[in-house]
Amino acid sequence: MDIDEDTIDLRSDTVTTPSDEMREAARDAEVGDDVYRDDPTVNELERRAAEAVGTEAALYVPSGTMANQIAVHVHTEPGQELLLERESHVYRWELAGASNLSGLQTRTIDAGERCVPSPDAVAEGLVSEDLHRPGTGLLSLENTHNFRGGTAIPVDGIAAAAEAARDADVPVHLDGARVFNAAVALGVDASELVAPVDSVTFCLSKGLGAPVGSILAGDEEFVEEARRVRKLFGGGMRQAGIIAAPGLLALENVDRLAEDHANAERLAAGLDAVDGVDAPAPDTNIVVAHTEDAGIPAADLVEACKAAGVGCVEFDEHTTRFTTHLDVDADDVAVAVDRIGDAVAELSG
Ligand SMILES: *Cc1c(COP(=O)(O)O)cnc(C)c1O
């Protein structure tokens, strides 16, 4: 959709544009050929990113989707099963990459409202290898959980699910596209959320505000293999310091995610007060608004919001997602609530 200047764009936290400081950092970045590991800015970003999540090593990749798909590929063999939660991004929104790129069969867990698979659900979903069955190659978890409205899964939830898999010698990947949102909301260090798993994805290009890029992190051996698979998937980049430099600045934006969470809370409270809208208080920066009771389809609400000057996305038949980010402040949120309220009134009337 074309976004005009007055629109308050809450479609995603990916819509932020780089700050002047980021643009200057890009211009001035020291660069080299990163496929030869000669780019000092990328090397520094990978070092600092590993530090931020408490892993031995990290790899800079073009997108969160590529990070997840590299992890899936590294941890598994073709013909195995990938166990994951049924509303997860890896399952729903990555073009069946697990089968397409890694030859896997998926098996899903129904993990309920908050999408934390219980250890029992994980144990039940694991398949051991025998004459007839392929064996589970990987368990993939997600935190924060996008589809469930940015829910922040506590350390013990991740740890218990991961332990159930590791008891069966199955490795665990965490799709932590917004893992720093989870850490800030829970008041823990991101490394605590990552400690129970074998690898983690996080996005620099979402709430942290970088123009491009994600990180895939894990131990040295994992990252070495991930580097080969990144090349296989066409993600080996050359003078990537140009885009890694803003990524380094993005890592400094972790603490300010709390502002996005406060704005999301304001937004949800404002929307929930609108007749016909049910918008539960969010854990982080994602607000989901349900309009089933008012009989308003999400597609209609998205169109009406667009006409009223608010960007949002359809999540489900009667569920619409609004995401706060560093290009919107509390005043924008107040204006957005008014505009969305008008849009809902028009559709209800
Ligand atoms: C955005 C997102 C991704 C994918 O990131 P891209 O950079 O858009 O490819 C993966 N997982 C989750 C949970 C996400 O929200």
Side-chain angles (χ1 to χ4, degrees), residues 10-16 18 45 49 53 58-73 82 84-98 100-101 106 108 111 114-117 138-153 158 172-183 185 190 193-194 197 199-217 226 229-230 233-235 237 240 243-244 246-247 250 257 260-261 264 282-288 312-316 319 321-325:
L10 304 175
R11 287 173 301 166
S12 176
D13 46 9
T14 55
V15 301
T16 57
L45 175 63
V53 287
L59 184 71
Y60 183 49
V61 296
S63 71
T65 300
M66 188 185 283
N68 285 335
Q69 294 302 325
I70 290 173
V72 166
H73 198 83
L82 168 64
L84 72 189
E85 187 276 318
R86 74 181 177 118
E87 310 294 357
S88 61
H89 195 283
V90 174
Y91 183 58
R92 289 184 59 140
W93 285 298
E94 298 188 8
L95 293 152
N100 229 335
L101 301 170
T106 48
T108 58
R114 294 195 51 95
C115 287
V116 195
L138 178 69
L139 169 69
S140 179
L141 301 170
E142 183 171 319
N143 199 13
T144 63
H145 201 291
N146 176 30
F147 186 74
R148 288 300 180 186
T151 46
I153 303 174
I158 291 283
V172 185
H173 174 68
L174 178 65
D175 177 1
R178 298 186 181 85
V179 74
F180 292 107
N181 292 86
L193 293 167
V194 170
V197 302
S199 58
V200 63
T201 292
F202 71 84
C203 293
L204 296 162
S205 55
K206 291 187 170 167
L208 301 180
V212 189
S214 291
I215 296 290
L216 176 59
V229 177
R230 182 184 67 175
F233 288 176
M237 298 179 283
I243 49 176
L257 292 171
D260 295 348
H261 300 175
D283 286 356
T284 58
N285 68 327
I286 294 176
V287 173
V288 289
C312 51
V313 295
E314 179 182 350
F315 236 5
D316 231 347
T319 306
R321 185 186 78 171
F322 301 84
T323 308
T324 58
H325 52 74

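Predicted, not measured: the structure shown is a model, and the values here were computed from it. We count ligands from 1, going down the list as the structure has it; atoms in each ligand are counted the same way.
When all heavy atoms of L204 and A250 are compared, the closest pair comes out as O-CB, 4.1 Å. Summarising the geometry of A111 relative to E85, their closest heavy-atom pair is CB-CG, 3.7 Å, with the distance given to 0.1 Å.
Side-chain contact check for H325 and T14: no donor-acceptor pair (N or O, by modelled atom type) lies under 3.5 Å. If you check the side chains of H173 and S199, you find a donor sitting under 3.5 Å from an acceptor.
Under the side chain to side chain contact (heavy atoms under 4.5 Å, CB included) criterion, T151 pairs with R114, H145, R148, D283, not counting sequence neighbours.
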Run through all N or O atoms in ligand 1 and write down each protein N or O closer than 3.5 Å, as a pair with its distance.
{"unit_1": "ligand 1", "atom_1": "7 (O)", "unit_2": "G64", "atom_2": "N", "d": "2.8"}
{"unit_1": "ligand 1", "atom_1": "9 (O)", "unit_2": "G64", "atom_2": "N", "d": "3.4"}
{"unit_1": "ligand 1", "atom_1": "9 (O)", "unit_2": "T65", "atom_2": "N", "d": "2.8"}
{"unit_1": "ligand 1", "atom_1": "9 (O)", "unit_2": "T65", "atom_2": "OG1", "d": "2.6"}
{"unit_1": "ligand 1", "atom_1": "11 (N)", "unit_2": "D175", "atom_2": "OD1", "d": "3.1"}
{"unit_1": "ligand 1", "atom_1": "11 (N)", "unit_2": "D175", "atom_2": "OD2", "d": "2.6"}
{"unit_1": "ligand 1", "atom_1": "15 (O)", "unit_2": "R178", "atom_2": "NH1", "d": "2.9"}
{"unit_1": "ligand 1", "atom_1": "15 (O)", "unit_2": "K206", "atom_2": "NZ", "d": "2.8"}

Quiz item: Given the rule in the side chain to side chain contact (heavy atoms under 4.5 Å, CB included) test, do F147 and E142 qualify, once you have shown the distances and angles that lead to the verdict?
Solution: CA-CA 10 Å; F147 186 74; E142 183 171 319; 5.8 Å; no

